[in-house]
Amino acid sequence: MSLVMLSMVIAACGGSDDGNGNASGDGGETYNWKFVTEEVDGQVQYEYAEEFAKRMNEKSDGAVNIDVYEFGGLGSETDQVEQLQNGTVQMAIMSPGFTGNMVKEGQIFALHFLFPDSVEQTQQILNDSEALNSDLRELYEEHSISPLAYWTEGAMQWTSSKPIEKPADFENFKMRTQTSPLILKSYEAYGADPTPMSWSELYTALDRGTVEGQENPIFFIGDASFYEVQDYMTLSNHNNYVAMTTVNTDWYAGLDDEMKTMVDETVKEMQDWVFEEQKKQNEEYLETIKNDTENPTEIIELTEEQRKAFKEKALPVRDFYRSDVSTVDGQVLDKLLEEIEASGE
Ligand code: 6CS
């Protein structure tokens, strides 16, 4: 039932709607929320939101109905950030790579070679980190965005129209990035010429040569068919793709205790679910890309020595983050680094 129809039914029953997707009537309270994602049907973020909606509906005996929106249905990635902030949507999967002009500290995820090489260990840190789940969350909340969880969509790799094996291969290379300025800075550190752009334009831009390469987890490179218009994929594992489960801060604060607990518990249990989902999709798409003989992709596996050369160029970007980006003197980064070290890396 659409929201408009629902309001009509409630009005007919003499009930009321608080304008936040929560309505009370003779049949008890009902909740109708919108959940927007940056990906499309089948991709990890969308599958997450569908599973979340299903679990909430079951746990609430049908009282919670969540409409899940694919990317594009409600506008661009940055439009979606605004919709969450003004409460047009209650929930969103958001990539920090699109909020860097606003929440400067969130650009911490743009730093290459920061998290452990192991995706499992990285997810553990994302789950447990106080720097992220408390300190960074507060900074997002100043902008009406509450990140309830951080999760990886997998290690990121490079695709390109020429082989990328050493930093010099990036010299003047036209690299597509998300919009956060520190992501651009990270590629400038290798000598590249980065261009921010929405992924909705990326296939065409790669096909036409407007940009020569991009970074993403393997499932996304496969599902969005980027590899079809690229010749090489470098297994660089230079960073993890981190997504956030976010809610509008005021809306979340206004939920009754029982509903808030249900949301929190579901967000928590989804962490293991989404880890398995991204793992499965990343493994399957690696095979798809390898076996697609109609669209051959040369896969370059960097040695540890080769990765080290990129890491050396990437490390000074941390100092830039501390001195020129951070609004809290690098405290979130320093705390996160301590947590990473304590985790055994
Ligand atoms: O490259 C991007 O912009 C997109 N990549 C992923 C893995 N998810 C959504 C995002 O917008």
Side-chain angles (χ1 to χ4, degrees), residues 35-50 68-84 91-101 106-107 109-110 112 115 119 122-123 126 147 149-160 174-184 186-187 194-206 210-230 233 236-246 274-275 277-286 288-289:
F35 194 160
V36 69
T37 78
E38 299 167 334
E39 296 178 4
V40 297
D41 195 1
Q43 297 177 344
V44 176
Q45 290 187 11
Y46 185 85
E47 294 304 301
Y48 174 107
E50 282 281 14
V68 175
Y69 291 86
E70 286 185 291
F71 176 65
L74 298 179
S76 70
E77 295 94 339
T78 39
D79 293 335
Q80 294 181 178
V81 174
E82 278 173 31
Q83 285 151 9
L84 185 88
M91 303 191 68
I93 305 294
M94 201 179 281
S95 302
F98 293 106
T99 57
N101 282 310
Q107 298 182 88
F109 298 107
H112 294 185
F115 286 99
V119 185
T122 296
Q123 185 57 58
L126 295 175
Y150 302 88
W151 38 273
T152 178
E153 292 195 60
M156 285 206 276
Q157 322 296 351
W158 293 314
T159 65
S160 52
K174 287 182 281 176
M175 183 74 178
R176 175 270 171 174
T177 65
Q178 295 182 340
T179 57
S180 287
L182 199 71
I183 303 184
L184 277 74
S186 290
Y187 282 99
T195 306
M197 144 187 330
S198 166
W199 80 262
S200 57
E201 297 161 37
L202 185 51
Y203 181 94
T204 309
L206 291 168
T210 319
V211 290
E212 299 166 282
Q214 62 85 43
E215 60 172 2
N216 253 309
I218 292 173
F219 87 86
F220 203 73
I221 292 169
D223 195 74
S225 306
F226 298 148
Y227 75 98
E228 293 179 9
V229 284
Q230 295 271 263
M233 179 163 78
S236 50
N237 295 322
H238 61 281
N239 201 355
N240 262 262
Y241 193 102
V242 175
M244 309 184 287
T245 303
T246 63
V274 75
F275 187 83
E277 182 66 19
Q278 63 78 28
K279 189 166 184 266
K280 180 176 78 127
Q281 290 210 19
N282 280 308
E283 284 170 3
E284 284 174 5
Y285 271 111
L286 180 58
T288 305
I289 296 170

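Each ligand, and each atom within it, is numbered from 1 in the order the structure gives.
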Open item on the list: Between Tyr48 and Thr245, is there a side-chain donor-acceptor contact under 3.5 Å, judged purely by atom types and distance?
Closed with: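 Yes, side-chain donor-acceptor contact under 3.5 Å.
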Task: Under 3.5 Å side-chain donor-acceptor pair for Asn216 and Gln157 - done: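 No donor-acceptor contact under 3.5 Å links the two side chains.
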Task: Neighbouring protein residues of ligand 1 - any heavy atom closer than 4.0 Å - done: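 Answer by chain and number: Glu38, Glu39, Gln45, Glu77, Phe98, Arg176, Gln178, Trp199, Asn216, Pro217, Phe220, Tyr241.
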Open item on the list: Just to verify, what does Glu277 make a salt bridge (charged side-chain N to carboxylate O under 4.0 Å, His left out) with, not counting sequence neighbours?
Closed with: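 For Glu277 the salt bridge (charged side-chain N to carboxylate O under 4.0 Å, His left out) partners, ignoring immediate neighbours, are Lys280.
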Sub-3.5 Å donor-acceptor pair from the side chain of [X] to the main-chain atoms of [Y], do we have one?
| X | Y | value |
| --- | --- | --- |
| Arg176 | Met197 | yes |
| Glu70 | Asp41 | yes |
| Thr179 | Pro196 | no |

